[in-house]
K.L.:
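My questions will all concern the structure given below.
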Protein chains: 2
Amino acid sequence: MATPLAAACCATVHTDALQDCEQQLPAAVVDRVAATFKALADPTRVRILYNLSNRELCVCDLAHVLQMTQSAVSHQLGYLRALRLVTNRREGNTVYYRHDDVHTLGLLQMAIDHATHTCPEASTGE
Amino acid sequence: MATPLAAACCATVHTDALQDCEQQLPAAVVDRVAATFKALADPTRVRILYNLSNRELCVCDLAHVLQMTQSAVSHQLGYLRALRLVTNRREGNTVYYRHDDVHTLGLLQMAIDHATHTCPEASTGE
DNA sequence: CTCCTATATGAACAAATGCTCATATATAGT
DNA sequence: ACTATATATGAGCATTTGTTCATATAGGAG
């Protein structure tokens, strides 16, 4: 079960365990997965995507709903846009954003559902 | 459609859009969701949880598989343990870790599946 | 053209993150 | 008791992150 082997930290390694771990994820996949979750790993971005899941919103509306600076919201929208999680549409002076990634939105709603059913306050808005 | 209103950034707000956004997520839910995703938002933690999804592993094995320092791995395991995403079991000198959160693991595998099917290299190990 | 409004963006800065290094703790063996 | 091994953890540090502030860009109205 435990065999001596040259290892990164200690002398004894479980070879059967390592055999099960021979099939590792490609680094590209790992990085992509981590980047996906990183996009959802911030309260502001969670709230932005949550609000965009209902309907299209302009930057001003989002800033008003989130009670945040236009600049802060715009920076985060730029971040989400670079990851192709949202798209924008310009109409005159205002720019409307909508979500553009069903998969990421699925992960978000999955986590929201679970957190809502686990949290003490389940359905209270705001 | 667009009505003048005291807003966070600009004078014009779409009141019908804001009505749709009246029902906001509780702050506790938002923070919990963001914290959940933050746990998965790092390549090292993704790889740790991925390897623990197959079988139980000790810190040494993980360090060997990930080619990382025992200290680095242990720090991340402590982080995951604090979030109750993994549990540990001591057997003599070695401590075995296993995953302990079906929900988070579901999110992870969902993202891995999607990333794998999207990435150029689909099934190549390592 | 000029002025105003809505959005985007660069610089700066405080806070958080992930690692390394050194050391502490825990268990086993002698 | 002492030593060795496996793991945990605090301090330090470089990098990243999320915001603010100031400013740039883009379009509409006059």
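Residue numbering restarts at 1 for every chain, and letters A, B, ... go by the order of the sequence lines. These values consider heavy atoms only, across backbone and side chains, with no hydrogens, waters or symmetry-generated copies. Given the structure is predicted, the values throughout are model-derived calculations rather than measurements.
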K.L.:
Can you check the B:Tyr79 OH to D:dG10 C1' distance for me, whole Å?
P.N.:
19 Å
K.L.:
Can you measure B:Gln67 atom CD to C:dC19 atom P for me and round it to whole angstrom units?
P.N.:
14 Å
K.L.:
Expressed as a whole number of angstroms, how long is the span from B:Ile48:CD1 to D:dT7:C1'?
P.N.:
14 Å
K.L.:
Between B:Ser74 and D:dT7, does any side-chain N or O lie under 4.0 Å from OP1 or OP2?
P.N.:
no
K.L.:
Looking across every strand, which nucleic acid part, if any, lies under 4.0 Å from B:Gly78 by heavy atom: base, sugar-phosphate, or nothing?
P.N.:
nothing
K.L.:
Is any N or O donor-acceptor pair between the side chain of A:Gln70 and the base of C:dA6 shorter than 3.5 Å?
P.N.:
no
K.L.:
Is the backbone N or O of A:Cys21 less than 3.5 Å from a side-chain atom of A:Gln24, with the two atoms forming a donor-acceptor pair by type?
P.N.:
yes
K.L.:
Nearest-nucleotide wise, let me know which of A:Asn88 and B:Asn93 is further upstream toward the 5' end of DNA chain C.
P.N.:
A:Asn88
K.L.:
Can you check the A:Asp42 CG to C:dA16 P distance for me, whole Å?
P.N.:
13 Å
K.L.:
Using whole Å, what does the distance between atom P of nucleotide D:dT7 and atom CG of B:Leu57 come to?
P.N.:
11 Å
K.L.:
Using heavy-atom distances to pick each residue's nearest nucleotide on DNA chain C, tell me which of A:Cys58 and B:His75 is more 5'.
P.N.:
A:Cys58
K.L.:
Tell me the interatomic distance from B:Gln76, atom CD, to C:dT20, atom P, rounded to whole angstroms.
P.N.:
11 Å
K.L.:
Is a side-chain N or O of B:Asn51 found less than 3.5 angstrom from the main chain of B:Arg47, in a donor-acceptor match?
P.N.:
yes
K.L.:
How long is the line joining CE of B:Met68 and C1' of C:dT17, in whole Å?
P.N.:
13 Å
K.L.:
Tell me whether the guanidinium CZ or amine NZ of B:Arg81 lies under 6.0 angstrom from the six-membered ring centre of B:Tyr97 and within 45° of its axis.
P.N.:
no
K.L.:
Within the structure, does a side-chain N or O atom of B:Arg45 lie under 4.0 Å from either OP1 or OP2 of C:dG18?
P.N.:
yes
K.L.:
Is it possible for you to check whether A:Arg90 lies under 6.0 Å from the centre of the six-membered ring of A:Tyr96, through NZ or CZ, and within 45° of that ring's axis?
P.N.:
no
K.L.:
Heavy-atom count around B:Arg98 CZ within 6.0 Å, excluding the residue itself: above 12?
P.N.:
no
K.L.:
Under 4.0 Å between a side-chain N/O of A:Ser71 and OP1 or OP2 of D:dA22, yes or no?
P.N.:
no
K.L.:
Write down the distance between OH (B:Tyr96) and P (D:dA8), rounded to a whole number of angstrom.
P.N.:
13 Å
K.L.:
Give a yes/no answer on whether the side chain of A:Arg90 brings an N or O atom under 4.0 Å of OP1 or OP2 in C:dA6.
P.N.:
no
K.L.:
Any side-chain N or O of A:Lys38 under 4.0 Å from OP1/OP2 of C:dT17?
P.N.:
no
K.L.:
Where each residue is assigned the nucleotide of DNA chain D containing its nearest heavy atom, which of A:Ala72 and B:Val95 is assigned the position nearer the 5′ end?
P.N.:
B:Val95
K.L.:
So does A:Arg81 get a side-chain nitrogen or oxygen closer than 4.0 Å to the phosphate oxygens (OP1/OP2) of C:dT7?
P.N.:
no
K.L.:
NA contact type, A:Thr94, heavy-atom cut-off 4.0 Å: base, sugar-phosphate, or nothing?
P.N.:
sugar-phosphate
